[in-house]
Number of protein chains: 2
Amino acid sequence: MERDDTAGHRAGPGPLNRRTVLRAALDLVDEHGLEALSMRRLGQVLGRDPMAVYRYTANRKEVLAGVAELVLEELETFPDDVHWQGQLRRMAHELRRVCLRHPNVVPLLVTGPLSTPLGLRPAGTLRPLEQILGILIRAGFSPRGALHVYRAFYGFLYGHILNELQELIADPHENEALLRLGLQRLSLRDFPHLRSLAPELLEYDGAQELDEGISILLAGLGQHLKDTTAAAEGA
Amino acid sequence: MERDDTAGHRAGPGPLNRRTVLRAALDLVDEHGLEALSMRRLGQVLGRDPMAVYRYTANRKEVLAGVAELVLEELETFPDDVHWQGQLRRMAHELRRVCLRHPNVVPLLVTGPLSTPLGLRPAGTLRPLEQILGILIRAGFSPRGALHVYRAFYGFLYGHILNELQELIADPHENEALLRLGLQRLSLRDFPHLRSLAPELLEYDGAQELDEGISILLAGLGQHLKDTTAAAEGA
DNA sequence: TCCAAACCTCTACAGTGTAGACATCAGGCG
DNA sequence: CGCCTGATGTCTACACTGTAGAGGTTTGGA
């Protein structure tokens with residue numbers, strides 16, 4: 001009898017493996033959103049019984065964590081042959097690119113770690129941290145200083161990505177109409193500034209905005225460092 | 001016959017109202033996390049049939065949105081009689097305070113807006129935006145410039161809060177043990193910097209870190225503005 | 001007293017995560 | 001060859017979820 005293949009291809013003839021499962025999960029999330037990722041549907045996509053998934057992941061939460069890790073693995077790493085500031089810039093744009101490619105996963109990236117203490121997180125999640133620390137320390141920062149810079153930088157970076165994803169939903173065409181309509185609903189008395197900003201809100205350029213933010217941050221850092229190291233060099 | 005009151009007090013003798021429902025939902029989330037907020041459990045807490053909730057909110061998603069809005073309403077607003085930079089500082093600390101008071105709600109604050117375009121968001125969510133725009137514009141920024149500053153500022157702010165919540169889970173006692181254990185698990189070869197930073201990671205002071213970040217950001221902004229306005233004043 | 005609206009409950013359905021027992025299959029060993 | 005063993009996948013079942021639809025109950029006004 002032919003195998004029932006009406007819904008979802010069998011991922012391959014051989015046995016499943018963790019990676020295949022996670023890739024299927026990621027596809028599902030990319031295409032239909034986080035809520036569409038149910039164990040049953042995942043099984044369907046893989047062409048197996050839903051319970052088969054449990055051979056490779058402990059539970060749904062672990063699937064989600066795995067999806068997040070998979071996305072982080074897409075981050076390209078650069079050789080550190082440039083100035084640390086350029087390095088940070090490139091890493092920022094790279095993270096932004098990956099996030100824009102998987103917008104539905106971003107909530108996982110952002111709030112997933114909230115439930116697991118830093119020490120217990122999978123190595124993949126911690127790699128960017130280690131990398132940035134390395135860049136900064138090689139650039140002459142003290143470990144403690146590097147940690148501070150990392151926090152400010154990554155904080156800003158994730159914040160920007162969230163911001164950008166908020167402002168830019170779906171396709172821009174209907175976005176424009178929606179925005180104008182939405183803004184008009186707001187009382188002119190309570191939201192005068194916001195209402196007048198419709199044009200600026202529409203021509204949002206995420207990459208440039210990110211770059212500008214980083215420039216501001218780095219400029220501030222330079223200033224900050226001058227103060228701190230001036231004191232240190234006096235000793 | 002006595003009313004069955006074994007689980008959850010009736011919120012009051014009279015009929016329910018939207019506010020009571022949302023407050024109960026917020027309590028539930030604060031105490032038992034986002035996942036504990038089911039319509040059935042909410043009904044139980046309110047001492048009514050689960051379906052009673054649907055009289056006041058369309059569905060579960062709306063309950064969650066309502067909870068987020070409720071939390072944002074806790075934000076105290078300050079009179080704008082100080083320098084704009086001080087104003088921003090105060091708003092940042094205020095948001096941080098509220099978020100630390102309701103850590104379980106933060107994922108909602110951060111990812112909730114992702115699903116609704118800016119124009120369609122409830123007024124409560126947009127109020128901080130409007131307020132900051134007002135402060136900046138009164139301080140002499142162009143509307144467009146104010147928007148940029150707002151984005152950098154709020155991006156950094158939310159990023160910081162997420163960072164802080166990640167590093168600081170539950171009580172610090174067991175946190176220390178967990179952190180050390182977790183870090184030792186990492187290979188010394190792949191994570192040399194991270195492993196050496198255990199002490200610094202432990203003495204994290206969120207408020208100070210936030211303040212420092214803002215200082216860096218504002219310093220950078222000052223620099224940035226000098227460049228931009230210098231050109232503008234030349235005209 | 002009667003009505004109408006507001007409020008609440010009951011029942012039911014389709015969907016969820018996952019524990020536990022079972023079936024199927026591969027390969028190694030006698 | 002037969003037989004065992006472990007890996008892999010399936011089946012069933014349970015407790016739970018959101019919520020549609022129909023009905024009951026309470027309340028205030030005429």
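Just so we're on the same page: letters track the sequence lines, and every chain starts at 1.
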CD of A/Glu35 versus P of C/dG15: gap in Å, rounded?
15 Å
Whole-Å gap separating C1' (C/dG17) and CG (A/Leu37)
12 Å
Holding to side chain to side chain contact (heavy atoms under 4.5 Å, CB included), I want the full list of residues that pass it with B/Asp49, two or more places apart in sequence or in another chain.
B/Met51
Pairing residues for A/Pro192 by the side chain to side chain contact (heavy atoms under 4.5 Å, CB included) criterion, not counting sequence neighbours:
B/Glu130
Nearest-Å distance, CZ (B/Arg18) to C1' (C/dC7)?
17 Å
Donor-acceptor pair, side chain of B/Arg48 and main chain of B/Val53, under 3.5 angstrom
no
Taking salt bridge (charged side-chain N to carboxylate O under 4.0 Å, His left out) as the definition, give me every residue that meets it alongside A/Arg96, ordered by chain and number, with sequence neighbours left out.
A/Glu164
Using a 4.0 Å cut-off on heavy atoms, which residues in residues 49-69 of chain B reach DNA chain D? List them by number, or say none.
B/Met51, B/Tyr54, B/Asn59, B/Arg60
Donor-acceptor pair (no angle test) under 3.5 Å: A/Arg40 side chain, C/dG15 base:
no
Nearest listed nucleotide, side chain of A/Leu16, among D/dG9, C/dG17, C/dC8
D/dG9
Length of the line joining A/Arg41:CZ and C/dG15:P, which is rounded to integer Å
11 Å
Between A/Leu42 (CG) and C/dG15 (C1'), how many Å, whole number?
16 Å
With sequence neighbours excluded, residues passing salt bridge (charged side-chain N to carboxylate O under 4.0 Å, His left out) with A/Glu203
B/Arg144
Once you round it to whole Å, what is the distance between C1' of D/dG24 and CZ of B/Arg48?
16 Å
Sequence neighbours left out, cut at 3.5 Å: what donor-acceptor pairs do the side chains of residues 22-36 of chain A make with other protein atoms?
from	atom 1	to	atom 2	distance (Å)
A/Asp30	OD1	A/His102	ND1	2.9
A/Asp30	OD2	A/His102	ND1	2.8

Residues from residues 24-31 of chain B sitting under 4.0 Å of DNA chain D, heavy atoms only?
none
side-chain hydrogen bond (donor to acceptor under 3.5 Å, both in side chains) with A/Arg89: which residues, sequence neighbours excluded?
A/Asp211, A/Ser215
Does the plane of the ring in B/His160 sit parallel, tilted or perpendicular to the ring in B/Phe156? Use 30° and 60° as the thresholds.
tilted
Among D/dG9, C/dT18, C/dC7, which is the nearest nucleotide to the side chain of A/Met39?
C/dT18
The criterion is salt bridge (charged side-chain N to carboxylate O under 4.0 Å, His left out); which residues satisfy it with A/Arg19, sequence neighbours excluded?
A/Glu73
